[in-house]
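Structure first, then comments.
Chain naming here is simple, since letters A, B, ... match the order of the sequence lines and numbering starts at 1 in each.
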Amino acid sequence: MLKFATDAADSPKSIRVRFAPSPTGDLHVGGVRTALFNYLFARHTGGKFLLRIEDTDKERSTPAAIQVILDGLAWLGVTPDEPVVYQSARIERHKEAAYQILKSGLGYRCFCNPEELTAKREAARSIGKPFKYDRTCLKLKPAEIEGKLAAGTPWAVRVRVPDEDLTFEDGVHSEVRILGEDLEDFVLLRGDGTPTYMLAVVVDDADMGITHIIRGDEHLLNTPKQILIYKAMGCPVPRFAHVPLILGTDKKKLSKRHGATSITWYKEQGYLPETMLNFLGLLGWSPGDDRNVISRDELIELFDVSGIIPHGAVFDEQKLRWLNGQYISKTDFQSVRKSLLTYAEQAAADGRLERLPDEAYLEQVWNLIRSRIYFLSDLFYSALYLFQDPTSYDEKGMRKHFQKEGIADRLKTLSGDFESISRWTAVSIEETIRRRAEEWGASASELIHPLRLAVSGVTVGPGLFELLEVLGKEAVVKRIFIAVERIKQ
RNA sequence: GGCCUCAUCGUUCAGUGGAAGGACACGAGAUUUUCGAUCUCGCAACGGGGGUUCAAUUCCCCCUGAGGCUACCA
């Protein structure tokens with residue numbers, strides 16, 4: 001079997017791959033994975049990774065969508081090695097290629113009415129019969145062609161598909177064979193003179209010197225057609241590897257119905273780029289061992305097309321969430337400082353956060369909480385009490401911890417103790433609490449739980465002594481006062 | 001309908017011609033400071049049928065199932 005990466009004939013330095021998205025909306029995580037695999041392959045082999053924006057569909061392409069692609073890839077550091085190619089700028093070249101194929105006799109003019117063909121196609125399908133273009137126009141005599149041209153009948157260019165079977169070696173699926181009889185003479189140039197996708201990809205890939213094409217499985221059946229075009233143009237045929245689709249939990253192609261598919265959403269949600277790189281890199285690809293955590297450098301070092309899994313992979317958000325938690329707990333403040341400030345501004349703009357935190361304080365909070373959050377954004381949702389007094393208390397917690405006889409007095413006493421602590425540290429706080437517990441013949445937890453609820457409003461969180469230290473004496477005393485008022489009600 | 005692809009725990013990824021392993025999720029316990037944190041333990045899979053073989057999860061065929069493609073869209 002052919003090895004996908006390189007034979008002796010390939011010079012590693014000359015390997016060129018590309019990612020070719022259409023700018024029609026969000027950047028799909030599946031597309032990002034495809035881009036990543038291409039990027040990793042290029043980096044691993046010392047080749048070049050290019051980006052081509054397929055913006056020929058003017059109805060659906062927007063400049064904003066182009067920016068989304070550029071930003072999404074930049075966020076992950078999956079950036080092209082050469083200037084971005086815009087397909088819309090190359091239409092004349094595509095036409096030229098079609099005329100060349102026409103001239104060489106490998107293509108022919110088709111004067112058939114597209115609407116009629118579509119109608120026939122649908123009719124055939126509705127009775128369960130396969131439909132293939134019947135080559136009406138291939139059989140036209142030169143005089144008939146002249147006549148139609150003179151009459152100004154619009155014409156398209158079709159390629160003539162040879163009758164023999166077509167096989168190619170796929171990097172993921174090994175040999176793929178398509179029967180010649182299953183292929184029809186397809187259109188390269190439409191009646192209005194515009195090139196089809198099939199033509200444009202091949203012309204662009206050929207001109208860009210693309211040597212290896214790693215793309216989604218949905219293109220598997222396009223490949224024989226494209227190989228035909230390469231041959232008709234007299235260009236070398238690249239190697240292909242088709243990556244299975246990313247699936248939703250229902251095993252269907254991952255789409256918006258399954259939830260978020262846009263890489264931008266994951267970014268905004270507070271996923272770290274390292275997380276996405278790790279997760280997407282290991283979704284449908286494996287270095288052959290058990291690892292779940294992998295860095296960009298390791299990915300580059302180990303990536304090989306032979307490690308691509310031949311079946312579709314379900315996008316498991318639970319695992320992604322866990323992985324993000326892993327990275328967050330290992331990330332130091334400086335690396336997320338900017339992002340955190342952005343989330344803080346957002347929270348302030350939304351009215352959730354009263355005022356922006358001071359950076360030194362934010363750093364303390366980060367170190368206190370990072371081992372138990374999953375998203376950067378959690379800080380300004382579930383952990384808002386770190387920045388301002390709680391506005392409510394967990395109901396179950398209140399029943400459990402605030403209804404005990406004498407708890408208000410105990411909290412008040414503790415508050416007084418706190419006020420007289422000269423060095424406000426977790427250690428001194430702990431000593432104070434434990435001393436009181438002993439004096440009252442209570443367990444430490446009988447004081448710890450109500451205190452946690454009083455200062456945070458919730459029943460879960462970081463170790464209480466560390467929490468109080470970070471919150472600061474003043475805030476703690478104030479919050480206990482507020483809670484005591486509440487208990488008395 | 002036709003064509004193509006695929007098939008190991010619920011999910012993901014390992015694995016070998018000779019008694020299937022990690023991770024997520026889930027469950028239990030521990031942590032006498034909680035927890036969605038941490039640690040420990042547990043649950044859980046080779047779709048079915050034929051072959052080949054002394055022996056198949058592993059190789060071959062069929063079936064079934066799942067997905068994709070089937071345009072003068074990209």
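- Contact check for A:Asn324 versus A:Phe279: no side-chain heavy atoms found under the 4.5 Å cut-off.
- Here A:Arg52 pairs with A:Asp205 in a salt bridge; the nearest charged N to carboxylate O distance falls below 4.0 Å.
- Spacing between B:G42 and B:C24 at atom P, rounded to whole Å, works out to 15 Å.
- For the pairing with A:Asp185, the side-chain hydrogen bond (donor to acceptor under 3.5 Å, both in side chains) check across A:Arg135, A:Arg160, A:Arg158 returns one residue only, A:Arg135.
- Following rounding to the nearest Å, A:Arg158 (CZ) and B:A71 (P) show an atom-to-atom distance of 11 Å.
- A:Ile309 comes within contact range of the sugar-phosphate backbone alone, with a heavy-atom separation under 4.0 Å but no base atom that close.
- Going from the P atom of B:G36 to that of B:C26 covers 10 Å, rounded to whole Å.
- B:C62 sits 36 Å from B:A23 when the C1' atoms are compared, rounded to a whole Å.
- Side-chain atoms of A:Asp207 do not come within 3.5 Å of backbone N or O of A:Asp204 as any donor-acceptor pair.
- Among the atoms of the strands shown, only primed sugar atoms or phosphate atoms (P, OP1, OP2) are found under 4.0 Å from some heavy atom of A:Gly284.
- Taking atom P in both B:G50 and B:C13, the straight-line distance is 30 Å, to the nearest Å.
- Between the C1' atom of B:U34 and the CG atom of A:Leu468 lies a distance of 13 Å, rounded to the nearest Å.
- Counting non-hydrogen atoms under 4.0 angstrom, A:Arg434 reaches a base of the nucleic acid.
- Taking A:Phe380 as the reference, A:Phe387 meet the ring-ring contact (aromatic ring centres under 6.0 Å, His included) condition, with sequence neighbours excluded.
- Listed by chain and number, the residues in a salt bridge (Lys or Arg N to Asp or Glu O under 4.0 Å) with A:Arg125 amount to none (sequence neighbours excluded).
- Listed here is the closest heavy atom pair of A:Ile69 and A:Ser22: CD1-O, 4.1 Å.
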Report all interatomic pairs (protein N or O, nucleotide N or O of nucleotides 44-47 of chain B) with separations under 3.5 Å.
none

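- A:Glu122 has its CD atom 14 Å from the P atom of B:U70, to the nearest Å.
- Here A:Glu438 does not pair with A:Arg434 in a salt bridge; the nearest charged N to carboxylate O distance is not below 4.0 Å.
- The side chain of A:Arg125 contributes no N or O atom lying less than 4.0 Å from OP1 or OP2 of B:G2.
- Atom name C1', nucleotides B:A44 and B:G21: the rounded distance is 13 Å, in whole Å.
- Spacing between B:C46 and B:G15 at atom C1', rounded to whole Å, works out to 11 Å.
- When atom types are taken as modelled, the side chain of A:Asp217 and the backbone of A:Leu245 share no donor-acceptor pair closer than 3.5 angstrom.
- For the P atoms, the distance from B:U57 to B:U8 is 15 Å, rounded to whole Å.
- Nucleotides B:G65 and B:A30 are separated by 44 Å at their C1' atoms, to the nearest Å.
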Going 5' to 3' through nucleotides 6-11 of chain B, assign each nucleotide B (protein heavy atom under 4.0 Å from a base atom), S (under 4.0 Å only from sugar-phosphate atoms) or - (no protein heavy atom that close).
-> SSS--B
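- OP1 or OP2 of B:A14 has at least one side-chain nitrogen or oxygen of A:Ser286 nearer than 4.0 Å.
- For A:Asn278 and A:Tyr327, the side-chain atoms include at least one donor-acceptor pair closer than 3.5 Å.
- A:Glu54 and A:Arg90 are not joined by a salt bridge, as no carboxylate oxygen comes within less than 4.0 angstrom of a charged side-chain nitrogen.
- Proximity of the aromatic rings of A:His258 and A:Phe315 is defined here by a centroid distance below 6.0 angstrom, and this criterion is not met.
- A:Gly288 comes within 4.0 angstrom of the backbone, heavy atoms only, and of no base.
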Salt bridge (charged side-chain N to carboxylate O under 4.0 Å, His left out) assessment of A:Glu301 paired with A:Arg296 | CA-CA 9 Å; A:Glu301 186 195 332; A:Arg296 170 196 300 263; over 6 Å; no
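- For RNA chain B, the neighbouring residues in residues 218-227 of chain A, judged by any heavy atom under 4.0 Å, are A:Glu218, A:His219, A:Leu220, A:Leu221, A:Asn222.
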For RNA chain B, the dot-bracket pattern of Watson-Crick and G-U pairs whose distances stay under 3.5 Å, | for other-strand partners = (((((((..((((....[..)))).(((((.......)))))....(((((..]....))))))))))))....
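- Between the side chain of A:His28 and the backbone N or O of A:Ser262, no donor-acceptor pair lies under 3.5 Å.
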With 3.5 Å as the limit, what N/O pairs link the protein to nucleotides 60-62 of chain B?
none

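- RNA chain B is contacted by A:Ala444, A:Ser445, A:Ile448 of residues 435-448 of chain A, taking any non-hydrogen atom closer than 4.0 Å.
- A:Arg109 has its CZ atom 16 Å from the C1' atom of B:C72, to the nearest Å.
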What's touching nucleotides 35-39 of chain B from the protein side, N or O pairs under 3.5 Å?
unit_1: B:C35; atom_1: O2; unit_2: A:Arg372; atom_2: NH1; d: 2.2
unit_1: B:C35; atom_1: N3; unit_2: A:Arg372; atom_2: NH1; d: 2.6
unit_1: B:G36; atom_1: O3'; unit_2: A:Tyr374; atom_2: OH; d: 3.4
unit_1: B:G36; atom_1: O2'; unit_2: A:Tyr374; atom_2: OH; d: 3.4
unit_1: B:A37; atom_1: OP1; unit_2: A:Tyr374; atom_2: OH; d: 3.0
unit_1: B:A37; atom_1: O2'; unit_2: A:Ser371; atom_2: O; d: 3.4

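- The cationic atom of A:Lys473 (NZ for Lys, CZ for Arg) does not lie both less than 6.0 Å from the six-membered ring centre of A:Phe418 and within 45° of the ring axis.
- A:Lys132 places its NZ atom 16 Å from the C1' atom of B:G1, with the value rounded to the nearest Å.
- In this structure, A:Tyr374 has its ring center no closer than 6.0 Å to that of A:Trp322.
- Here A:Thr56 lies in heavy-atom contact (under 4.0 Å) with sugar-phosphate atoms only.
- RNA chain B lies under 4.0 Å from at least one heavy atom of each of the following residues of residues 21-38 of chain A: A:Ser22.
- For the salt bridge (Lys or Arg N to Asp or Glu O under 4.0 Å) with A:Asp417, the qualifying choice from A:Arg410, A:Arg436, A:Arg435 is A:Arg436, the only one to do so.
- At least one donor-acceptor pair closer than 3.5 Å links the side chain of A:Arg452 to the backbone N or O of A:Pro462.
- At distances below 3.5 Å, not a single donor-acceptor pair connects side-chain atoms of A:Ser286 with backbone N or O atoms of A:Leu282.
- Atom C1' of nucleotide B:G68 and atom CD1 of A:Ile178 are separated by 12 Å, given to the nearest angstrom.
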Hey, can you pull the donor-acceptor pairs under 3.5 Å for the side chains in residues 127-134 of chain A, sequence neighbours left out?
unit_1: A:Lys132; atom_1: NZ; unit_2: A:Glu181; atom_2: O; d: 3.0
unit_1: A:Lys132; atom_1: NZ; unit_2: A:Leu183; atom_2: O; d: 3.3
unit_1: A:Tyr133; atom_1: OH; unit_2: A:Cys137; atom_2: N; d: 3.2
unit_1: A:Asp134; atom_1: OD1; unit_2: A:Thr136; atom_2: N; d: 3.1
unit_1: A:Asp134; atom_1: OD1; unit_2: A:Thr136; atom_2: OG1; d: 2.5
unit_1: A:Asp134; atom_1: OD2; unit_2: A:Thr136; atom_2: OG1; d: 3.2

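- Using a 4.0 Å cut-off on heavy atoms, the residues of residues 290-300 of chain A that approach RNA chain B are A:Asp290, A:Asn292, listed by number.
- Between the side chains of A:Arg121 and A:Ser126, not a single donor N or O lies within less than 3.5 Å of an accepting N or O.
- Residue A:Lys253 places at least one side-chain N or O closer than 4.0 Å to OP1 or OP2 of B:C69.
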